[in-house]
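The block underneath contains the structure these notes are about, expressed in structure tokens.
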2 protein chains.
Amino acid sequence: MHSFTEENYLKAIYHLSEANLLAVSTNQIAEMTSTKAASVTDMLKKLAEKKLIHYIRYQGVTLTNSGLTAAVNIIRKHRLWEVFLVEKLGFKWDEVHDIAEELEHINSEALINRLDDFLGNPVADPHGDPIPDKSGKIKQKKLVKITDMQAGESGTVSGVSEHSSLFLKLLDKLGLTLGTGVKILELNEYDGSIMLSIDRSKEQTISRDVAKNILVIL
Amino acid sequence: MHSFTEENYLKAIYHLSEANLLAVSTNQIAEMTSTKAASVTDMLKKLAEKKLIHYIRYQGVTLTNSGLTAAVNIIRKHRLWEVFLVEKLGFKWDEVHDIAEELEHINSEALINRLDDFLGNPVADPHGDPIPDKSGKIKQKKLVKITDMQAGESGTVSGVSEHSSLFLKLLDKLGLTLGTGVKILELNEYDGSIMLSIDRSKEQTISRDVAKNILVIL
DNA sequence: TAATATTTTTAGATTGCTCTAAATAAAATA
DNA sequence: TATTTTATTTAGAGCAATCTAAAAATATTA
Ligand SMILES: [Mn+2]
Ligand SMILES: [Mn+2]
Ligand SMILES: [Mn+2]
Ligand SMILES: [Mn+2]
């Protein structure tokens with residue numbers, strides 16, 4: 001198996017490639033893993049040695065198939081544990097990420113598959129992120145930022161692209177949790193803020209900064 | 001917090017003191033942690049430095065109050081996770097120890113207390129071992145080895161002093177799981193084997209080797 | 001394109017945990 | 001009590017992961 005640390009690098013590379021669509025740079029990885037570039041270079045050599053990444057000096061890295069499999073499996077575990085923490089233990093969606101960062105490294109196929117069944121094989125975690133299945137397949141729903149919607153359009157809040165506790169707690173206050181129905185009433189040209197109708201009942205104006213991190217299914 | 005490794009040493013020292021009632025030796029710890037005596041000596045210096053153990057060269061070690069608190073907390077986590085694995089995920093009692101060895105190091109007060117509540121604040125783990133409460137208090141029931149019982153006496157199987165998968169699966173086969181009622185019918189002088197009545201229905205003869213590891217409440 | 005700035009890698013060191021081999025202390029035995 | 005055996009500690013080293021500082025490669029900009 002891979003060490004705790006190797007797993008964290010693989011995960012970081014995976015998340016960065018997701019955003020990037022290109023090879024990931026040493027500095028990006030250093031930033032995401034809170035280490036220094038020199039440490040990253042060392043680790044990249046090791047991961048390349050183990051054939052988990054494609055690595056050419058100065059050219060950044062991409063995951064190999066086996067690196068991708070490993071990364072997706074860690075993400076599967078992370079998200080399943082987040083569901084467990086929220087659905088079974090009653091944690092709030094802004095409290096679970098750090099605990100899942102630890103739990104995702106627990107090493108047992110049987111455990112994670114049984115947990116998956118116990119939770120009813122959920123397809124998304126508490127933040128709306130898709131949960132890879134046993135074989136690593138991910139069903140990503142088509143999500144749209146609120147800032148990309150037109151006045152008059154409606155949809156259902158189904159994800160967030162910012163996971164900080166501060167942001168998630170604000171969404172709680174605004175009533176914009178997952179599953180909430182929203183309809184764009186008006187776009188305010190002055191500051192980019194957006195007036196919404198929430199669940200066909202109350203109205204709410206949210207800033208562009210908030211809106212851009214809320215993802216909706218139309 | 002303490003490192004994964006430090007936690008494992010503290011736990012080893014705790015379990016050895018339980019059996020010992022005296023200071024624990026370097027070699028005993030090496031044996032239990034599958035390391036060499038030289039490595040143990042290094043770690044003992046570090047744990048003493050941190051005031052987790054009382055350590056005098058060549059004289060063995062005992063836990064300080066804070067070392068004891070730390071050890072008991074790890075054991076609390078281990079046993080609660082074992083209950084979770086058996087009660088919620090459907091694992092057998094012989095399958096959970098190794099997974100719990102990993103889970104016991106997950107570091108979150110909130111998690112373990114919520115888990116405790118989720119499980120209904122169990123007082124014993126799947127092997128009958130007592131679960132320390134939030135404050136570290138342990139309620140140990142008075143248990144007796146079957147080999148210490150007299151013919152005619154009865155009791156309820158409530159613990160085991162051997163946790164190997166082989167032994168536990170044998171108990172499953174014999175029908176001697178926790179909660180089972182047993183009555184001593186006869187002690188065979190020839191080989192020390194013991195004839196039992198199980199749950200007032202079937203009879204079963206068990207070897208002395210098995211009997212000495214089964215603990216009963218009279 | 002040449003000079004400058006940025007990014008990445010290398011060199012050399014540190015920390016935590018581990019080991020083997022050798023030295024020392026304690027315990028057992030003659 | 002002297003000798004031998006066993007247990008424990010010290011010495012010296014290795015590996016994984018990290019760091020800072022310096023060197024090298026690449027990218028930017030004039
Ligand atoms: Mn998360
Ligand atoms: Mn999540
Ligand atoms: Mn156990
Ligand atoms: Mn147990």
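Just the heavy atoms: all of them, side chains too, but no hydrogens, waters or symmetry mates, feed the values below. Order of the sequence lines fixes the chain letters, A, B, ..., with proteins taken first and strands second; residue numbering starts at 1 for each chain.
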Got a donor-acceptor contact below 3.5 angstrom from the B:Ser193 side chain to the B:Ile206 backbone?
-> no
Could you tell me whether the phosphate oxygens of D:dT6, OP1 or OP2, come under 4.0 Å of any side-chain nitrogen or oxygen in B:Asn27?
-> no
Between A:Ser3 and A:Gln59, which is nearer to the 5' end of DNA chain D once each is assigned its nearest nucleotide?
-> A:Ser3
A:Asp125 and A:His78: side chain donor to acceptor below 3.5 Å = no
B:Leu47 has an atom CG; how far is it from atom P of D:dT9, in whole Å?
-> 13 Å
Atom-to-atom span, CD1 of A:Ile29 to C1' of C:dT8 - whole angstrom | 12 Å
Which listed nucleotide (D:dT10, C:dT18, C:dT24) is nearest to the side chain of B:Arg57?
-> D:dT10
May I ask you to say what A:Thr26 touches in the nucleic acid, namely base, sugar-phosphate or nothing, with a heavy-atom cut-off under 4.0 Å?
-> sugar-phosphate
Among C:dT24, C:dC19, D:dC19, the one nearest B:Tyr58 by side-chain distance = C:dT24
Going by heavy atoms in the side chains, are B:Leu47 and B:Val61 under 4.5 Å from each other?
-> no
Is it the case that B:Asn113 and B:Arg76 place a side-chain donor and acceptor less than 3.5 Å from each other?
-> yes
Hey, does the side chain of B:Thr41 come within less than 4.0 Å of D:dT9's phosphate (OP1/OP2), counting only N and O?
-> yes
Between A:Tyr55 and C:dT8, is there a side-chain N or O to OP1/OP2 distance below 4.0 Å?
-> no
Using a heavy-atom cut-off of under 4.0 Å over every strand shown, decide if A:Tyr9 touches base, sugar-phosphate, or nothing.
-> sugar-phosphate
Describe the nucleic acid contact of A:Ser39 in one word from base, sugar-phosphate, nothing, applying a heavy-atom distance below 4.0 Å.
-> base
Which nucleotide sits closest to the side chain of A:Asp42: C:dT9, C:dT24, D:dC19?
-> D:dC19
Would you say C:dT8 has OP1 or OP2 under 4.0 Å from some side-chain N or O of A:Ser25?
-> yes
Under 4.0 Å between a side-chain N or O of B:Lys36 and OP1 or OP2 of D:dT8?
-> no
